[in-house]
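Keep in mind that this is a model prediction, so the values were computed, not measured. Values below: every heavy atom of this structure, side chains too, minus hydrogens, waters and symmetry copies. Naming convention: chains lettered A, B, ... in sequence-line order (proteins, then strands); numbering from 1 in each chain.
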Amino acid sequence: MKVATWNVNSLRVRLPQLIDWLGQAAPDIVGLQETKVVDEEFPVAQLAAAGYRTVFVGQRTYNGVALLSREPPGTVLTALPGRLQDEQKRFVAARFGGLDVVCAYVPNGSEVGSDKYAYKLGWLEDLRRYLQALLRESPKVLVMGDFNIAPADIDVHDPLAWQGQVLVSEAERAALAGIMALGLHDTFRHLNPDLRAFTWWDYRAAAFRRDHGLRIDHILVSTPLLGTCRACRVELDLRRAERPSDHAPVLLELDAAALA
DNA sequence: ATGGTAGCAGAGCTA
């Protein structure tokens, strides 16, 4: 079984790449972020033709998330409980068999100390509360998405230059650590303890060519799932493509028993 | 030093 997360930065633009990649990588469940498409225009038929069910919640221009799956989803949530009237569409969750899957687009935060930064920390606290409740009732939980946080200095191409900046600041890292302290594990780091790898590179200043990246997209799993995880890698080919997203997908392989 | 590029939308915001 394979689960993947990808910030597509416009599903409209990236749809051909996405469909190609679905055919090649054959993930069972995919979380997408920054779809930037309203629900009426979500490409349901094209993704169905590629073999995927879809659940999604979007808005014009900004944000937007989706879950694609081979199997039909059970219970679906399209907003973060505690933030049901937030206009920003950043959360979708669904149950697949015995597995609860959460797809999140954590706010970027813009700049340390800004209003957007405060919004990011508040959003992360609401996510933590939701996951705390979910983990009390559900042993198998997978949380994936663009967290907009590099957990440690190994996840940063130039930790000195980035020190204290948004995406790496102490408060953001503490918020992510608080979520992981609920009993969630960073699968990439668990399976690749010393590997320096990134998932996002700025479009500007030839950042990808110079590998000036950050690892800010993550797939977290609850403790009962950790032993089922076999491999986790960054799909760099999609960042090398013509007209790429600024993020590469992260792909996790786990035993099919995870779903049972 | 506040750039640089991409997406959306049609100027300026967000990332």
- Message: From the set B:dC8, B:dT14, B:dA6, return the single nucleotide nearest to any side-chain atom of A:V13.
- Response: B:dC8
- Atom CD of A:Q165 and atom P of B:dT2 are separated, to the nearest Å, by 15 Å
- Task: Give the rounded distance in Å between these two atoms: CG of A:N7 and P of B:dA6.
- Result: 16 Å
- Task: Determine the Euclidean distance between corresponding C1' atoms of B:dA1 and B:dA11; express it in Å to zero decimal places.
- Result: 25 Å
- With a cut-off of under 6.0 Å to the ring centre and 45° to the axis, is A:R215 in cation-pi contact with A:F198? no
- Item | Whole-Å gap separating P (B:dA15) and CG (A:D146) | 10 Å
- Item | OP1 or OP2 of B:dC8 under 4.0 Å from side-chain N/O of A:S10 | yes
- Task: Determine the Euclidean distance between corresponding C1' atoms of B:dT2 and B:dA15; express it in Å to zero decimal places.
- Result: 15 Å
- Query: Nearest-Å distance, CD (A:E242) to P (B:dT5)?
  - Reply: 16 Å
- Specify the residue among A:W200 and A:R12 whose closest nucleotide of DNA chain B lies further upstream toward the 5′ end. A:R12
- Knowing that exactly one of A:D39, A:V92, A:L68 qualifies, which makes a side chain to side chain contact (heavy atoms under 4.5 Å, CB included) with A:F56? A:D39
- Item | Integer-rounded Å distance: B:dC13 P and A:Q59 CD | 17 Å
- Message: Between P on B:dT14 and CZ on A:R90, what's the gap in Å once rounded to a whole number?
- Response: 11 Å
- Proximity to the side chain of A:Y203 - top-ranked nucleotide from B:dC13, B:dA15, B:dA6: B:dA6
- Inspect the contact between A:D153 and A:R173 and indicate whether a charged nitrogen and a carboxylate oxygen are less than 4.0 angstrom apart. yes
- Query: Is there a side-chain polar atom (N or O) of A:R204 under 4.0 Å from OP1 or OP2 of B:dA15?
  - Reply: no
- In whole Å, what is the span from the CD atom of A:E34 to the C1' atom of B:dC8? 11 Å
- Which part of the nucleic acid, if any, lies within reach of A:Y105 when heavy atoms closer than 4.0 Å are counted: base, sugar-phosphate only, or nothing? sugar-phosphate
- Atom C1', compared across B:dA9 and B:dT14: separation rounded to whole Å: 13 Å
- State whether A:E172 and A:K120 are salt-bridged, where the test is any N-O pair (Lys NZ or Arg NE/NH1/NH2 against Asp/Glu carboxylate O) under 4.0 Å. yes
- Message: Rounded at 0.5 Å granularity, tell me how far OG1 in A:T199 sits from CG in A:N7.
- Response: 9.0 Å
- By nearest nucleotide on DNA chain B, pick out whichever of A:K36 and A:A205 is the more 5' one. A:A205
